[in-house]
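Reviewing the structure listed below.
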Amino acid sequence: MADTFPALLEARLRDALAKVVGDTPLPPDFAASVGPAQNAQFGDYQANAAMVLAKTLKANPRQIAAGIVEHFDAAGLCESPTIDGPGFVNFRLAADTLAARVRAMLADPEKLGVAPAAEPKTVVVDFSAPNVAKPMHVGHIRSTILGDCLARIARFLGHRVITDNHIGDWGTQFGMILWGWKHLLDEAALEKDPVGELLRLYREVNARQKEDEALRETCKAELVKLQNGDPENLAIWEKCVALSKRGLQRIYDLLDVRFDHWLGESYYNDRLAPLVEDLLARGIAEVSDGAVCVFFREIEALDGKPAIVRKSDGGFLYATTDLATIDHRVEEWGADAIWYVVGAPQQLHFDQIFAAAARRGITAELAFIPFGSILGKDKKMLRTRSGDTVQLADVLAEAVERARAIIEEKNPELDEAEKAEIARVIGIGSVKYAELSQYRMTDYVFDWDTMLSLKGNTAPYLINAYVRTRAIFRKLGGEFAGAETIALTEDAEKALALKLAQFAEAVPSVLNDFRPNALAAYLYELANTYHGFYEKCPILRAEGAARDTRLALCELTGRVLKKGLDLLGIATAERM
RNA sequence: GCGCCCGUAGCUCAGCUGGAUAGAGCAACGGACUUCUAAUCCGUAGGUCGUGCGUUCGAGUCGCACCGGGCGUGCCA
């Protein structure tokens, strides 16, 4: 696939600069970079090289810019560059260049012009990771949706991606569950709603043990029995895990999220003791107050903050499990990179884990991808009216229900099955998009009206833009049949063509800093640009080359929107 | 105490490696439906980018200090 426009412009800019500077060495960190223009009035792209180099070359930036323009080879790419302001060099792409790119994208329905990653890697994405037998609440939504999206994009860019749901299936919560199972279990309820009954047990025992010291101890004893292989507790545990997984799978199905593996904490049980022994033997860990710790005295930020890998009572912690998990992913799967999509409060934990892994000789790139909290309209952590944490399943159900009500109002003539399908697409898509359209670190306010709105940067808006592209072809009475000629004459056509070509810039940029919202912002701009085009340029009423061109732009917009939304994990509908 | 994160329009949020006059949506006001789905569009109005120094030709963006909020900080995950 062809290079992106900035890459093409940069190559020619380098050639021009070489002629301008002659033998003068450029600063070592200098890169002749070309970025999108801030404002369409200046052009499509701009370069700041002249201003950056003014000092080194001891010359007026506008003079350098003039030299660049003089030597710049624009043939077959853009118009002759212009100089504006203190020394910006502005580029405007030729209409033919844009038309050729549109044609190339139409011929590439799978990748739509996006180039594969230069160095494909094996990437393990660790996300979602709910606790078994504890409610999957909205906090998990960010990890699940972000992680799934990053995995989709990495895969699309040609990386070998392995998704692993590292579920908490061996935590201390099982002490409570076991006691609850033995004393409070309602068999009939378990039959009818297994996950709900497990949740009830957890909540009930958790509430009781907060007041009851003796119960706390009893639960702990149940946990120890489980960890020592007590057959009865082991059998109950297995049943709980199986039931929970079934409940979780239903949510993942609804979200269209898939995992290659579900290797939870329990999978690593046998590896923890040898791991700790190894750490001790190699002098990486030491015993302190009866616990086995890894100290990081040479890292200022971590000095005095050891990672504890074995408690003084002999038990292991999640730091131990996480280290064993890294080993497995590197040794068995050949991971070059592991991405952890986990809430921001765990920053310290991952700093410790990564430092400990480095000391053990792990060279895989370990990335902590943190995110902020979801807040209620009161700006506090999202809770139900009764004060419980909000469950993900309830959120999704309500989203679909609300979407359904809107469809009923706007488009009552659709048949039942289609209404239900559209409600699912819009409802789930809205929840996902609300998450992905925002910078992941901001604590964001969960608001139904905003995320389901048809205006603004929302899933319904984008899906509607897609629907409009499809409506054209429905009206036409057939699918897009290719374009004889593509001739961009109107500004609105050129603007749309340029925006479409920039899909190739937007998708890879997501992985720069793990920002799906960069892709969301792009899609919103694309939808906006399409609407502008749609208003100004009649499509079916046009004739000849104009009609061909516009149908092609319409088709390509639909494809890019659909693919872009798919990369976010969001489905589209043909009608809404 | 120390560490991390956040602070941008009345509200909800964008603003990638520092670049031109800081952008959207909601709410407010004014326009465009014999339609290619008006669920879309166009326009008006709205700002000491928490504060202050500093680096720079140029700072919402980088550095330092402070203010305000959130979260972490040795045996939960």
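Reminder, nothing fancy here: chain letters follow the sequence lines and each chain counts from 1.
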Using the side-chain hydrogen bond (donor to acceptor under 3.5 Å, both in side chains) criterion, which residues pair with [X]? Sequence neighbours excluded.
X        : answer
A:Glu300 : none
A:Arg404 : A:Glu408, A:Glu416
A:Glu213 : A:Arg216

Can you list the stems that RNA chain B is part of, where a stem is at least 3 pairs in a row, each Watson-Crick or G-U, with both distances below 3.5 Å?
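So far as stems of 3 or more pairs are concerned, RNA chain B shows B:1-7 with B:67-73, B:10-13 with B:23-26, B:28-31 with B:41-44, B:50-54 with B:62-66.
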
Could you please name the option among [options] that lies closest to any side-chain atom of [X]?
X        : options                : answer
A:Gln438 : B:rG72, B:rU37, B:rA14 : B:rA14
A:Pro538 : B:rC13, B:rC36, B:rU37 : B:rC36
A:Leu348 : B:rU73, B:rC41, B:rC13 : B:rU73
A:Val445 : B:rU37, B:rC4, B:rC13  : B:rC13

So that I can tick it off, tell me whether [Y] and [X] are bridged by a salt bridge, with the cut-off set at under 4.0 angstrom between side-chain N and carboxylate O.
X        : Y        : value
A:Lys536 : A:Glu490 : no
A:Glu298 : A:Arg359 : yes
A:Arg575 : A:Glu421 : no

Which heavy atom of [X] sits nearest to which heavy atom of [Y], and what is that distance?
X        : Y        : value
A:Ala355 : A:Phe296 : CB-CE2, 3.5 Å
A:Ile64  : A:Ala54  : CD1-CA, 3.6 Å
A:Ser288 : A:Cys293 : CB-SG, 4.1 Å
A:Arg440 : A:Asp513 : NH2-O, 2.9 Å
A:Val294 : A:Ala285 : CG2-CB, 3.9 Å

Answer with base, sugar-phosphate or nothing: what part of the nucleic acid does A:Asp303 contact at a heavy-atom distance below 4.0 Å?
nothing

Name the nucleic acid region contacted by A:Ala471, choosing base, sugar-phosphate or nothing; use a 4.0 angstrom heavy-atom cut-off, strictly under.
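Result for A:Ala471 = base.
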
Would you confirm whether A:Arg474, through its side chain, and A:Glu574, through its main-chain N or O, come within 3.5 Å as a donor-acceptor pair?
yes

Okay, side chain of A:Arg142, backbone of A:Gly343: is any donor-acceptor separation there less than 3.5 Å?
no

Please determine whether any donor N or O and acceptor N or O are separated by less than 3.5 Å between the side chain of A:Gln46 and the base of B:rA20.
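Such a pair is found, so the answer is yes.
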
Quick one: the side chain of A:Arg474 and the base of B:rU37, do they pair up donor-acceptor inside 3.5 Å?
yes

Protein-nucleotide distance ([X], atom [atom1]; [N], atom [atom2]), rounded to Å:
X        : N      : atom1 : atom2 : result
A:Ile369 : B:rC5  : CD1   : P     : 16 Å
A:Gln347 : B:rC4  : CD    : P     : 9 Å
A:Leu553 : B:rC36 : CG    : C1'   : 15 Å
A:Ile406 : B:rU37 : CD1   : C1'   : 16 Å
A:Tyr466 : B:rC36 : OH    : P     : 21 Å
A:Tyr433 : B:rA14 : OH    : P     : 12 Å
A:Leu519 : B:rA14 : CG    : C1'   : 14 Å
A:Leu436 : B:rA14 : CG    : P     : 13 Å

All N/O contacts under 3.5 Å from nucleotides 67-70 of chain B to the protein, with atom names and distances to one decimal?
none

Ring centre gap for A:Tyr524 and A:Tyr461 strictly below 6.0 Å
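Between A:Tyr461 and A:Tyr524, which both carry aromatic rings, the centre distance is below 6.0 Å.
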
Is the ring centre of A:His166 less than 6.0 Å from the ring centre of A:Tyr267?
no

ring-ring contact (aromatic ring centres under 6.0 Å, His included), that's the test. Do A:Tyr340 and A:Phe354 meet it? Break it down for me.
CA-CA 11 Å; A:Tyr340 294 90; A:Phe354 294 174; 5.7 Å; yes

For A:Glu555, the salt bridge (Lys or Arg N to Asp or Glu O under 4.0 Å) test, sequence neighbours excluded, returns A:Arg470, A:Arg559

Pairing residues for A:Arg297 by the salt bridge (Lys or Arg N to Asp or Glu O under 4.0 Å) criterion, not counting sequence neighbours:
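So A:Arg297 forms a salt bridge (Lys or Arg N to Asp or Glu O under 4.0 Å) with A:Glu286.
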
Mapping A:Gly532 and A:Cys537 to their closest nucleotides on RNA chain B, which lands nearer the 5' end?
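Here A:Cys537 is the residue nearer the 5' end.
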
Please tell me which of A:Ile407 and A:Asp84 maps to the more 5' nucleotide of RNA chain B, matching each residue to the nucleotide holding its nearest heavy atom.
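Checking each residue's closest nucleotide, the 5'-ward one belongs to A:Asp84.
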
Filtered N/O pairs between nucleotides 75-77 of chain B and protein, under 3.5 Å:
residue, atom, partner, partner atom, Å
B:rC75, O2, A:Ser312, N, 2.9
B:rC75, N3, A:Ser312, OG, 3.4
B:rC75, N4, A:Asp289, O, 3.0
B:rC76, OP2, A:Lys311, NZ, 2.9
B:rC76, O2', A:Thr172, OG1, 3.1
B:rA77, OP2, A:Tyr318, N, 3.3
B:rA77, O3', A:Glu265, OE2, 2.2
B:rA77, N6, A:Tyr318, OH, 3.2

Please write out the pairs of protein N or O atoms and N or O atoms of nucleotides 15-18 of chain B separated by less than 3.5 Å, giving the distance to one decimal.
residue, atom, partner, partner atom, Å
B:rG15, OP1, A:Arg515, NH1, 3.3
B:rG15, OP1, A:Asn517, ND2, 3.0

Would A:Phe88 count as stacking on B:rG19 if stacking means ring centres less than 5.5 angstrom apart and planes tilted under 30 degrees?
no

No-hydrogen, no-angle side-chain donor-acceptor test under 3.5 Å, A:Asp169 and A:Ser266
yes

Polar atom pairs between nucleotides 57-62 of chain B and protein, under 3.5 Å, N or O only, would you list them?
residue, atom, partner, partner atom, Å
B:rC57, OP1, A:Lys55, NZ, 2.4

Under the ring-ring contact (aromatic ring centres under 6.0 Å, His included) test, residues paired with A:Phe368 that sit two or more places apart:
A:Phe350

Contact under 4.0 Å: A:Tyr444 side-chain N or O vs B:rA14 OP1/OP2:
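No, because none of the side-chain N or O atoms of A:Tyr444 sits under 4.0 Å from OP1 or OP2 of B:rA14.
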
Mind listing the N/O atom pairs, protein and nucleotides 21-27 of chain B, below 3.5 Å?
residue, atom, partner, partner atom, Å
B:rA24, O2', A:Tyr524, OH, 2.8

